[in-house]
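Written out below as structure tokens is the structure these notes cover.
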Amino acid sequence: MTVQSDTRRRPATSASGGPTLVSRLDELKVANSFAELPHEFHTFLQPQPLTNPRLLHANADAAALLGLDPAVLQTPEFLATFSGGRPLPGGRTLAAVYSGHQFGVWAGQLGDGRAHLLGEVLSPTGPLELQLKGSGRTPYSRMGDGRAVLRSSVREYLASEAMAGLGIPTTRALALVVSDDPVYRETVETAAVVTRMSPSFVRFGSFEHWVGRPEQLRILTDYVLDRFYPELKTPADGEPGSWEQAVLRMLREVSRRTAAMVAHWQTAGFCHGVMNTDNMSILGLTIDYGPYGFMDRFQANHVCNHSDTHGRYAWNVQPAVAHWNLYRLGSVFLSLGLQEDDLRSALSGYQQDFLAVYHQNLCRKLGLESWQESDDELVDAWWRLLHEQRADFTLAFRRLATVSQDPGPFLALFKDPESARDWLARYEKRLQSQQLPARERQDSMLRANPLYVLRNHLAQGAIDAAVRGDASEIDTLLMLLREPFTERPGYEHYAQEAPEWAERLEVSCSS
Ligand code: AMP
Ligand code: MG
């Protein structure tokens with residue numbers, strides 16, 4: 001077992017004025033707001049515990065967010081709770097219902113088919129729900145076995161923390177518990193349970209579920225408005241507004257957050273892989289990590305999910321798909337009498353919101369003081385160059401920071417360095433049009449372009465070790481990915497281009 005604890009980042013205890021850490025699970029303040037919704041929103045039940053569970057890894061950073069002393073992570077209570085063996089003290093365990101559009105098609109009822117919500121910790125930073133994933137069958141399991149394999153659980157655990165390290169809105173991961181229980185996929189694998197944390201696991205699909213059921217739709221909407229968007233219940237001018245206007249303001253805000261999230265994905269080279277509406281958070285968080293991928297060699301139409309045969313969720317269509325998903329969410333409210341024009345207009349800022357964050361990120365990544373119209377052409381040419389030469393996404397940005405001192409490492413990423421030189425000439429001309437001192441630009445670019453990303457082959461290395469019960473590779477990756485901009489001597493291997501065999505790694509919906 002590994003409990004990763006970085007004492008430097010541990011919040012201070014009350015003696016020094018910081019938040020108090022509790023040293024027992026039953027000292028956490030636990031509430032159950034989702035459980036208090038009417039019965040049709042969920043089913044109360046217990047998980048099916050893993051047999052002979054072992055804690056492979058626990059995340060002290062996530063525990064700190066809960067206000068939990070890292071020593072708790074090593075207790076038998078912790079293992080029992082987060083392997084599904086006993087409830088969270090004070091929590092009411094449940095599985096939630098939702099529906100959704102999968103690959104563009106209405107899929108009807110889905111729901112937590114292998115997840116159990118344990119309760120909601122009233123943490124120093126606000127409520128955080130704790131949810132087990134892979135913890136057994138529920139009434140929403142359909143044909144599934146309620147389990148998650150170790151492989152996909154390691155991937156979810158790592159991805160949550162990697163995204164947080166990049167500053168991208170995401171759910172977090174608290175614990176990874178493993179077992180020898182067999183799980184049948186393409187081959188026999190073993191079962192694992194990941195504990196995820198999020199202020200809420202409500203999805204677009206949670207709303208879609210209640211189309212045609214106005215009472216429930218209203219209850220869910222009020223729940224989300226009251227808890228997560230209370231400031232939107234009243235108009236900015238303080239005048240009492242209608243409920244319908246509050247819904248429209250909420251949609252505008254969900255649209256803004258979703259646009260920002262996807263813009264961050266694009267500039268990190270992240271592909272989600274399964275952007276179904278049931279995998280879209282109402283809080284604009286990246287959620288439900290499955291066959292995701294951080295791109296190695298850039299390809300604009302890269303498809304990370306081997307099951308996505310038509311490329312519906314390719315990197316370059318993610319922004320449009322998220323907008324389409326927002327329309328599915330918006331159209332739910334037609335059934336409450338909201339007007340189509342109003343709904344459309346609530347979502348009409350999406351593109352502008354997306355571009356604002358996208359351009360801001362690109363400015364930081366390219367060392368530009370501000371975005372200018374002509375930068376569209378420069379960036380188009382950049383993407384074209386990377387695409388045509390299949391250059392490494394992460395390293396191309398990273399090495400651009402130091403290209404003026406030493407162009408060698410940058411040019412080495414391109415099969416045809418001549419066309420890279422042509423682009424560089426344009427880029428350097430653009431840099432000359434601003435006043436920013438080179439040193440300052442370089443420093444800020446190194447803080448905006450990660451050196452380490454969760455490449456598929458690195459995740460695979462951690463999976464292979466985890467299969468042997470060895471969590472050291474998870475430790476190493478978390479250490480690097482939490483501060484992915486900081487170069488660590490001795491870890492050069494993690495900052496290299498992917499080996500050729502990485503292209504043959506296939507990640508699919510099988511999880
Ligand atoms: P996903 O695309 O992984 O987010 O899952 C889509 C739906 O399938 C959700 O309702 C999941 O709960 C359900 N699901 C996925 N895998 C399983 C499984 N092994 N057992 C039961 N339900 C599952
Ligand atoms: Mg899902």
Side-chain angles (χ1 to χ4, degrees), residues 41-43 45-50 84 93-117 129 131-157 159-160 170-171 173 179 181-196 198 200-209 258 261 271-283 285-293 303-309 312-313 318 321-322 325 328-329 507-511:
F41 284 84
H42 42 59
T43 302
L45 76 181
Q46 291 309 313
Q48 289 163 274
L50 298 172
T93 308
L94 62 83
V97 72
Y98 53 81
S99 292
H101 280 81
Q102 298 186 317
F103 291 91
V105 181
W106 176 242
Q109 180 182 304
L110 303 164
D112 292 334
R114 50 172 172 174
H116 292 79
L117 182 65
E129 291 185 335
Q131 189 198 58
L132 306 181
K133 179 166 173 182
S135 38
R137 290 183 55 85
T138 77
Y140 317 113
S141 299
R142 298 173 295 150
M143 304 300 282
D145 58 7
R147 292 301 183 197
V149 297
L150 173 61
R151 155 179 63 83
S152 66
S153 305
V154 170
R155 284 175 51 87
E156 173 137 27
Y157 191 79
S160 316
T170 179
T171 60
S179 76
D181 291 341
V183 181
Y184 303 92
R185 299 291 182 260
E186 285 79 4
T187 60
V188 187
E189 301 183 53
T190 57
V193 170
V194 173
T195 302
R196 313 192 289 185
S198 176
S200 175
F201 289 92
V202 171
R203 303 127 196 281
F204 292 9
S206 311
F207 287 84
E208 290 178 281
H209 186 69
T258 304
M261 172 188 78
C271 298
H272 182 282
V274 202
M275 290 176 70
N276 296 336
T277 56
D278 54 303
N279 291 337
M280 300 290 296
S281 152
I282 201 68
L283 303 181
L285 306 173
T286 315
I287 188 173
D288 279 16
Y289 293 94
Y292 66 83
V303 180
C304 60
N305 177 0
H306 194 67
S307 314
D308 181 7
T309 42
R312 180 177 171 84
Y313 299 137
Q318 292 188 124
V321 167
N325 289 343
R328 303 287 72 70
L329 173 66
V507 283
S508 70
C509 281
S510 151
S511 62

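Numbering of ligands and ligand atoms starts at 1, following listing order.
Across R137 and R142, no two heavy atoms sit closer than the pair NH2-O, 3.5 Å. Across all non-hydrogen atoms, the minimal contact from T277 to G100 is OG1-CA, 3.3 Å. Closest non-hydrogen pair, H116 versus S135, comes out as ND1-OG, 2.6 Å. Contact between I287 and F201 at its shortest, heavy atoms only, is CD1-CD2, 3.9 Å. Scanning all heavy atoms of the two residues, the minimum distance from V193 to L132 falls at CG1-CB, 3.9 Å. Nearest heavy-atom pair across P182 and V188 is CB-CG1, 3.9 Å.
Considering backbone and side-chain N/O atoms, Y140 never comes within less than 3.5 Å of an N/O atom of ligand 1. For ligand 1, the polar-atom distance check against G113 finds a nitrogen or oxygen pair separated by under 3.5 Å. Between N279 and ligand 1, an N or O atom pair is found at a separation short of 3.5 Å. Distances between N or O atoms of R114 and those of ligand 1 include at least one value under 3.5 Å. The shortest N or O to N or O distance between D112 and ligand 1 is not under 3.5 Å.
Nearest to the Mg ion (ligand 2), among the N, O or S atoms that D288 has, is OD2.
With contacts defined as side-chain heavy-atom distances shorter than 4.5 Å, the pair R147/R114 does not qualify.
One side chain, H101 or E208, offers a donor N or O that lies under 3.5 Å from an acceptor on the other.
Residue N279 counts as close to the Mg ion (ligand 2), with an N, O or S atom under 2.8 Å.
When the options Q109, R203, M275, Q102 are ranked by their closest heavy atom to atom 6 (C) of ligand 1, first place goes to Q102.
Those atoms of ligand 1 with a heavy atom of R142 less than 4.0 angstrom away are 7 (C), 8 (O), 10 (O), 13 (C). Near Y98, the atoms of ligand 1 lying under 4.0 angstrom from a non-hydrogen atom of the residue are 9 (C), 10 (O). Near D145, with a cut-off below 4.0 Å to any heavy atom, the atoms of ligand 1 are 18 (C), 19 (N), 20 (N). Atoms of ligand 1 lying under 4.0 Å from any heavy atom of G144, numbered from 1 in the order shown and given with element: 18 (C), 20 (N), 21 (C). Proximity to G146 (heavy-atom distance under 4.0 Å) selects the following atoms of ligand 1: 18 (C), 19 (N), 20 (N), 21 (C). Close approach to G111 involves these atoms of ligand 1, each under 4.0 Å from a residue heavy atom: 9 (C), 10 (O), 11 (C), 12 (O). Taking a cut-off of under 4.0 Å to the non-hydrogen atoms of D288, the atoms of ligand 1 that pass are 4 (O). Per-residue contacts place R185 under 4.0 angstrom from the following atoms of ligand 1 (heavy atoms of the residue considered): 19 (N).
Protein heavy atom in closest approach to atom 5 (O) of ligand 1: D278 OD2, 4.6 Å.
The distance from atom OG1 of T171 to atom NZ of K133, rounded to the nearest 0.5 Å, is 8.5 Å. Remark: R151 CZ to T187 OG1 distance equals 7.0 Å, nearest 0.5 Å.
Closer than 4.0 Å to atom 19 (N) of ligand 1 lies at least one heavy atom of the protein.
Each of D288, D278, N276 was checked for a side chain to side chain donor-acceptor pair (under 3.5 Å) with R203, and the lone residue meeting it is D288.
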